[in-house]
2 protein chains.
Amino acid sequence: MSPPSADSRLLDVAIDHFGRLGLEGASTRAIARDADTLMSSITYHFGGKEGLYLAAADHIAAHMHTQIAPTLERAAQLCGDDGDIAAARAAIHAMIGGMTMVMLHDDTAAMSRFIVREQADPTEAFTRLYSGVMGQMLDRLSALVARVAGGRMSDADARVLTMTLLGQVLVFRVARATVMTGMGWNAIGPAETATIIRTITTNLDAILDQLQAGDAA
Amino acid sequence: MSPPSADSRLLDVAIDHFGRLGLEGASTRAIARDADTLMSSITYHFGGKEGLYLAAADHIAAHMHTQIAPTLERAAQLCGDDGDIAAARAAIHAMIGGMTMVMLHDDTAAMSRFIVREQADPTEAFTRLYSGVMGQMLDRLSALVARVAGGRMSDADARVLTMTLLGQVLVFRVARATVMTGMGWNAIGPAETATIIRTITTNLDAILDQLQAGDAA
DNA sequence: GTCTATAGTCGGATAGAC
DNA sequence: GTCTATCCGACTATAGAC
């Protein structure tokens, strides 16, 4: 492994700073300092503050894409098949479970913050994030949900349901302070992770059971 | 109705600016300008930028408290009773439904942004928000969930489950940009609201049904 | 590519007139 | 309580040496 280059360090630090402070709030001086380089190198490598911001968004999209590409691939196959609802349910569980681990893991905290902040008032960076990964995940997941519902559900309903499923996962990243205080936790270790995963899995099964039963009725 | 006083306008504008830009990112000059007053009046009324920030948090907590006090009251009574699980379920539905309307309504967008931002890295303002309202809501809601589970659920499990229920609602505020893009919506009007409420209600029933059935087993 | 120097703008705090 | 004037620090961008 070669040591991280200056522009790679800049991207990592930028995601952290922009995620915490936003585009306007973050300072290129502080970013350059934490990346052990000079402010003017941001101009040189990225053209300026805004260029660095968009590059950070692209970096996040690329990173996430390589992470979930296999899962996405598998989900795509299961949507194409006919009738294998158990496999579709397994794929939903895999995707939601994977996203839960991402939301709980501290390594992805900075990227999550960046993405969440972009939602508040979206810029060009949101477009890149959405078309890069988020949109594909939503499409796949809601297609799987629609398959479990077996045609009794409109596309819009399936997508709204998918949003609520994501919300169950999202809350542990977005409302982290409330979770920690409300649970009396100091950290999210193996025990806490297990409780969360178990709860989400149970909820998911309850919802999918009902969905399937409604189809049979 | 008397016209809003300068410090009242300052609080409203401050919640909006701080919610969008954070404590560091927001500018007292811009806040004062949008509130049709002078920067120095922030110093006079609130002691400075940080004082205004904390006053904004207190204002949010007070506003939310008056909003949900009746619901909280009713929930408290239902927790005290013995055995009336149907009433407990109705109370859960009422609380989640009320929170959904709050999350969807544009009037509360600024307050929601402020609260969500505080979660990213909590300050003293989070303590005030949590002890002011959020903690009470969590306590009530998880007590109701525990009642539906009928003693088969640990307190921690009930609270984690409560978090996921909140997540289903939260996602429509926090990931608003993803929701709008993913659904192809331009606004959240009556039709969209109805779809969301229906989905959340259905999910909630599925989860509570399973919880109750597990108790009976 | 790396680094210094500087221009020009905007930030919060404060003193003091009224 | 309201408003002006000012201080000083931090910011981005840019020109240019090396």
Side-chain angles (χ1 to χ4, degrees), chain A residues 1-59 110 113-114 117-118 120-121 123-125 128, chain B residues 1-59 110 113-114 117-118 120-121 123-125 128:
Chain A
M1 296 278 272
S2 57
S5 58
D7 51 333
S8 162
R9 286 199 314 273
L10 272 173
L11 280 176
D12 287 338
V13 176
I15 289 168
D16 184 56
H17 283 230
F18 284 135
R20 291 182 192 279
L21 303 166
L23 170 58
E24 309 178 36
S27 142
T28 54
R29 285 178 198 272
I31 291 171
R33 175 167 32 78
D34 287 5
D36 288 315
T37 182
L38 292 152
M39 191 186 52
S40 50
S41 70
I42 291 176
T43 312
Y44 180 79
H45 286 291
F46 303 100
K49 192 188 201 181
E50 213 147 331
L52 178 60
Y53 187 78
L54 291 176
D58 287 336
H59 187 70
R113 270 193 297 266
F114 190 106
R117 180 165 296 260
E118 261 299 310
D121 41 357
T123 68
E124 163 68 16
R128 303 192 184 193
Chain B
M1 296 279 271
S2 56
S5 59
D7 51 333
S8 163
R9 285 198 315 271
L10 271 173
L11 280 176
D12 286 338
V13 175
I15 289 168
D16 184 55
H17 283 231
F18 284 136
R20 291 182 193 279
L21 303 166
L23 170 58
E24 308 178 35
S27 142
T28 55
R29 284 182 146 94
I31 291 171
R33 175 167 34 78
D34 287 5
D36 287 315
T37 183
L38 291 152
M39 193 186 52
S40 49
S41 70
I42 291 176
T43 313
Y44 180 79
H45 285 292
F46 302 101
K49 192 188 200 183
E50 213 148 334
L52 178 60
Y53 188 78
L54 291 175
D58 288 337
H59 188 70
R113 270 194 296 265
F114 190 104
R117 180 167 297 260
E118 260 300 310
D121 43 354
T123 68
E124 164 70 16
R128 302 193 185 192

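If you're wondering where the values come from, they're calculated on a predicted model, not measured in any experiment. Throughout, a chain's letter reflects where its sequence line sits, starting with A, and its residues are numbered from 1.
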Side-chain (A/Lys49) to main-chain (A/Ile42) donor-acceptor, under 3.5 angstrom: no
Side chain A/Arg113, main chain A/Arg20, donor-acceptor under 3.5 Å: no
From CA spacing to verdict: side-chain contact (heavy atoms from CB on, under 4.5 Å), A/Phe46, A/Asp7: CA-CA 9 Å; A/Phe46 303 100; A/Asp7 51 333; 3.9 Å; yes
Find the distance [X]:[atom1] to [N]:[atom2] and express it as a whole number of Å.
X	N	atom1	atom2	answer
A/Phe18	D/dC11	CZ	P	13 Å
A/Leu21	D/dC11	CG	C1'	13 Å
A/Leu10	C/dC3	CG	P	12 Å
B/Tyr44	D/dT4	OH	C1'	17 Å

Sequence-aligned protein contact record of nucleotides 4-18 of chain C, with B where the base is within under 4.0 Å of a protein heavy atom and S where only the sugar-phosphate is: B------BBBB----
Minimum side-chain heavy-atom gap B/His59-B/Asp12 below 4.5 Å: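 A side-chain contact exists here, since the closest heavy-atom pair is under 4.5 Å.
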Side chain proximity check, B/Met39 to B/Arg33, heavy atoms < 4.5 angstrom: no
Full working for side-chain contact (heavy atoms from CB on, under 4.5 Å) between A/Leu52 and A/Phe18: CA-CA 10 Å; A/Leu52 178 60; A/Phe18 284 135; 4.0 Å; yes
